[in-house]
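Sequence lines set the chain letters: A, B, ... in the order given, protein chains first and strands last, and positions in each chain run from 1.
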Protein chains: 2
Amino acid sequence: MVWFVTDRLVWYKSSMPPDGTKTRERLLDAAENLALGKGFSATTVDQVIAEAGSSKGAFFHHFASKGDLGRALVARYAAADVASLEHFMALAEDVSDDPAVQLVEFVRSFEEIGAEIAEEHQSSCLYASFVQQRELVEDGGAELIVDAIVAWRRALAEKIVAAAELRPLAADVDPDDLADHVFVTFEGAFILARATSDTSHMRTQLRVLRQSLEALLGVRSEAAPEAR
Amino acid sequence: MVWFVTDRLVWYKSSMPPDGTKTRERLLDAAENLALGKGFSATTVDQVIAEAGSSKGAFFHHFASKGDLGRALVARYAAADVASLEHFMALAEDVSDDPAVQLVEFVRSFEEIGAEIAEEHQSSCLYASFVQQRELVEDGGAELIVDAIVAWRRALAEKIVAAAELRPLAADVDPDDLADHVFVTFEGAFILARATSDTSHMRTQLRVLRQSLEALLGVRSEAAPEAR
DNA sequence: TACAAACCAGACCATCTAGTCTGGAACGGC
DNA sequence: GCCGTTCCAGACTAGATGGTCTGGTTTGTA
């Protein structure tokens, strides 16, 4: 995930570098690009170096190993991901006081930029890529991903529970599971978009997700079209 | 996907071998195991050989290259996947004449064996793994995956359209997109299960999917609990 | 301005990996 | 029983890959 360079993400992208982009960041950017494009294990450090216009010496000065780069990669990715979660949730909270409407609005905001997200990320997600890497998982790198997932779950489940207090939920949906379904839809949509080489699936699947949420939460579709 | 060795899948697993498991199948099985576990590009042919208890000579007798193995792998996987789609859809069609109920029942059948599916597949899906491989995609290998996706979409969308003729759909959901959402949920749930090392997410996410379908299609939850 | 530390360039190395090659066993037809 | 074909075992190779090492430049600091 990660997607966008929101204002509260800027400090992140340009943290340490005083002037131009620092070598370490360039390496991370290059690695992220390549990892999203062909998977982490399929990208070589030489490719990362070439893409970043750097050198072997620089690489192993900043990272102890390729696995170390991987961990740094998911760390940055997950941090940006959670930041974008908070960003868009804050925007949604400006639209309405109703938690159900906020939730729907939250999904809608992603829906609107769905294609761009898929484009920017080459229809892929680092989570999906890294989760394959057993070594990295066994090396404590998975916790970063789980933390991000939990952050999403918590933020969304909170809204769902609050919404259930206002209107009865349709059927006996579990708030945590429903919250996870947002994450699940993102990840699945990435795969669909990539497999079919059609980034529009990102938007349409988020739309289906929103419609599902509206149906389950009992929210009217026209509740918050443009904060009218 | 693929999951289960249904009766109509048996011809497949034991096609050519007259007696025991043929070497080629053993190699494919080993490769599938490893690919599901650590990704295709991260598995070496030596590992495949070792896992299958075979040899270099045998491997390159049956497969022209590692990429060739990859294609054979997804071909088999996708074929079994579509077969299991048809299998469970046929079972669902025995339960009711109502397409909406059939659809819900279809999802429920997977829901029930969700954890086993995740277990058997090491919480992973070859589709997700291979979709990363750009080379294989550019080499015509992706069409196999797309074909399988389209098969799912077609079968499910057909039910949704038929269901919409009986009851009005909630909101203006697109049948194709809703059908794709089933595939999307599977893939996303795999990733969630793998990231959290918790196979139960497979079941709970399919449950959420079912509840969403019920809400959008206007089907009562008790419509077909156990074909009573 | 001196000097240590951080930073980087690129030749170099040990190992791994996909793929080849040669030799031989098993099998099927005749 | 002969022979061609399929099938398989394993040593071997050319190149890729992660990682090291030496030397040099830049930077911060006193």
Could you state the atom-to-atom distance from [atom1] of [X] to [atom2] of [N] in whole Å?
{"X": "B:Phe63", "N": "C:dT20", "atom1": "CZ", "atom2": "P", "answer": "15 Å"}
{"X": "A:Phe59", "N": "C:dA9", "atom1": "CZ", "atom2": "P", "answer": "14 Å"}
{"X": "A:Asp46", "N": "C:dT15", "atom1": "CG", "atom2": "P", "answer": "19 Å"}
{"X": "B:Lys66", "N": "C:dT20", "atom1": "NZ", "atom2": "C1'", "answer": "18 Å"}
{"X": "B:Lys22", "N": "C:dA26", "atom1": "NZ", "atom2": "P", "answer": "16 Å"}
{"X": "A:Gln47", "N": "D:dG15", "atom1": "CD", "atom2": "P", "answer": "18 Å"}
{"X": "B:Lys56", "N": "C:dT20", "atom1": "NZ", "atom2": "C1'", "answer": "9 Å"}
{"X": "B:Glu25", "N": "D:dC7", "atom1": "CD", "atom2": "C1'", "answer": "15 Å"}

Can a donor-acceptor pair be found between the side chains of B:Ser41 and A:Ser41 at a distance below 3.5 Å?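 There is such a pair (donor and acceptor under 3.5 Å, judged by atom type) between the side chains of B:Ser41 and A:Ser41.
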
Nearest to the [X] side chain among [options], which nucleotide is it?
{"X": "A:Ser54", "options": "C:dA9, D:dG18, C:dA6", "result": "C:dA9"}
{"X": "B:Phe60", "options": "D:dG19, D:dC8, C:dT20", "result": "C:dT20"}
{"X": "B:Ala58", "options": "D:dG18, D:dC8, C:dA6", "result": "D:dC8"}
{"X": "A:Ser55", "options": "C:dC8, D:dG18, D:dC7", "result": "C:dC8"}

[Y]/[X] salt bridge by N-O under 4.0 Å criterion:
{"X": "A:Arg24", "Y": "A:Asp29", "answer": "no"}
{"X": "A:Arg203", "Y": "A:Glu112", "answer": "no"}
{"X": "B:Arg26", "Y": "B:Glu51", "answer": "no"}

Should the pair B:Lys66 and B:Phe40 be classed as cation-pi, given the thresholds of under 6.0 Å to the six-membered ring centre and 45° from the axis?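 Judged by the rule, B:Lys66 and B:Phe40 form a cation-pi pair.
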
Please state whether the phosphate of D:dC8, meaning OP1 or OP2, lies under 4.0 angstrom from any side-chain nitrogen or oxygen of B:His61.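 Answer is no, no contact under 4.0 Å.
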
D:dC7 phosphate, OP1 or OP2, under 4.0 Å from B:Thr23 side-chain N/O: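 The answer is no; no side-chain N or O of B:Thr23 sits under 4.0 Å from OP1 or OP2.
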
Nearest heavy atom decides the nucleotide; on that basis, is A:His62 or B:Ala42 closer to the 5' end of DNA chain C?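 By nearest-heavy-atom nucleotide position, the 5'-most residue is A:His62.
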
